[in-house]
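For reference, the structure discussed in these notes is given below.
Quick caveat, the model's predicted, so the values are computed rather than measured.
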Amino acid sequence: DVYKRQVKHCKQIHYSCRGKRYYAVGFANESGGYETRNRYFKGCIASKDISLRRIRDGPTNDVAVFEGFIDYLSALTLGIIQGMDAIILNSVSNVGKAIQHLRDYGTIHCYLDNDNAGKSAFTVTSAECDNVIDCSTLYSQFNDLNEFLIQSANTINLISQQIKNF
């Protein structure tokens, strides 16, 4: 079940701000902080850092790189990174922190956003590491992998409705 696979990567985080209590989806990073998302807030609790997701002890040959954890979860949903470790930048400003880890891999698959920040992060990565692949061409008509997934799901739902009404 796709939902169960995604839930194991996240936690429900409770926090307060100005006396009000909130909750959000939390995704752990390497500094013990959490990237958080809810309808009203997108940010970080505690230290900002990259997130590493290894599928076994020691690096695999291939690694997938994402700007944020929502794109990582989208890739898991799409089943496009099976057998790969993943590094989630949690901000393109963290690309420098990721480089030391990326050098351990034979091939780096970058699923970065199709905007200037994503292209810049790809340029830095490909200048610092070997065998870097720009996978954003797979969803070039969309800003990011999650937007592609949402649009694909909407298209499938529309086609399903049209078939039912046929």
Pairwise side-chain contact, [X] with [Y], heavy-atom cut-off 4.5 Å (strictly under):
X: Lys48; Y: Ser31; result: no
X: Asn29; Y: Ile50; result: no
X: Asn38; Y: Val25; result: no
X: Tyr40; Y: Tyr22; result: no
X: Ile55; Y: Met84; result: no
X: Val65; Y: Thr125; result: no
X: Leu112; Y: Ser136; result: no
X: Glu30; Y: Lys97; result: no

- Taking only Lys NZ, Arg NE, NH1 and NH2, and the carboxylate oxygens of Asp or Glu, determine whether Lys119 and Asp113 approach each other closer than 4.0 Å. no
Going by an N to O cut-off under 4.0 Å, is there a salt bridge joining Glu35 and Lys42?
-> no
request  = May I have the step-by-step check of side-chain contact (heavy atoms from CB on, under 4.5 Å) for Glu147 and Tyr139, ending in yes or no?
outcome  = CA-CA 9 Å; Glu147 188 178 291; Tyr139 47 95; over 6 Å; no
With Ile87 as partner, the option from Ile108, Leu52, Val95, Ile99 fulfilling side-chain contact (heavy atoms from CB on, under 4.5 Å) is Leu52
Exactly one candidate in Ile150, Ile80, Leu138 meets side-chain contact (heavy atoms from CB on, under 4.5 Å) with Leu145; the answer is Ile80
**Prompt:** Do we get Arg53 above Phe66's six-membered ring, with its NZ or CZ under 6.0 Å from the centre and within 45° of the axis?
**Reply:** no
So how far is it from [X] [atom1] to [Y] [atom2], rounded to the nearest 0.5 Å?
X: Leu73; Y: Arg37; atom1: CG; atom2: CZ; result: 10.5 Å
X: Asp130; Y: Glu128; atom1: CG; atom2: CD; result: 10.5 Å
X: Ser140; Y: Phe148; atom1: OG; atom2: CZ; result: 10.0 Å
X: Leu76; Y: Asp71; atom1: CG; atom2: CG; result: 11.0 Å
X: Thr36; Y: Tyr23; atom1: OG1; atom2: OH; result: 13.5 Å
X: Asn94; Y: Leu89; atom1: CG; atom2: CG; result: 6.5 Å

Item to check | Verdict with reasoning, Phe41 to Tyr15, per ring pair (Phe, Tyr, Trp, His ring centres under 6.0 Å) | outcome: CA-CA 12 Å; Phe41 179 72; Tyr15 62 98; 5.7 Å; yes
* To do: Give the C-alpha distance, both sets of side-chain angles, the deciding distance and a yes or no for side-chain contact (heavy atoms from CB on, under 4.5 Å) between Asn114 and Asp144.
  => CA-CA 6 Å; Asn114 283 312; Asp144 61 25; over 6 Å; no
side-chain contact (heavy atoms from CB on, under 4.5 Å) assessment of Lys11 paired with Phe27: CA-CA 7 Å; Lys11 286 187 171 186; Phe27 190 82; over 6 Å; no
#### Entry: Common cluster, Val132/Val92, ILVMFWY with side-chain heavy-atom separation under 4.5 Å
no
Establish whether Val124 and Ile133 are linked, either directly or via other cluster members, by ILVMFWY side-chain heavy-atom contacts under 4.5 Å. no
| request: Take Ser47 and Asp49 through the side chain to side chain donor-acceptor pair (under 3.5 Å) test and state the conclusion after the steps. | output: CA-CA 6 Å; Ser47 299; Asp49 202 352; over 6 Å; no
**OP:** Return yes if a side-chain donor-acceptor contact under 3.5 Å exists between Tyr105 and Asp85, otherwise no.
**Re:** yes
Going by distance alone, is a donor N or O of one side chain under 3.5 Å from an acceptor N or O of the other, for Ser51 and Asn90?
yes
Self-check item: Chi angles and distances behind the side chain to side chain donor-acceptor pair (under 3.5 Å) call for Asn131, Thr107
Solution: CA-CA 5 Å; Asn131 299 320; Thr107 305; 5.0 Å; no
Margin query: side-chain contact (heavy atoms from CB on, under 4.5 Å), that's the test. Do Asn146 and Gln151 meet it? Break it down for me.
Written below: CA-CA 9 Å; Asn146 184 59; Gln151 185 59 44; over 6 Å; no
- Flag the pair Phe122 / Tyr111 as yes when their ring centroid distance falls below 6.0 Å, and as no otherwise. no
Closest non-hydrogen atoms of Gly68 and Ile88, given as atom of the first, atom of the second and distance, are C-CG2, 3.4 Å
Q. Does CD belonging to Gln12 count more than 12 external heavy atoms closer than 6.0 Å?
A. yes
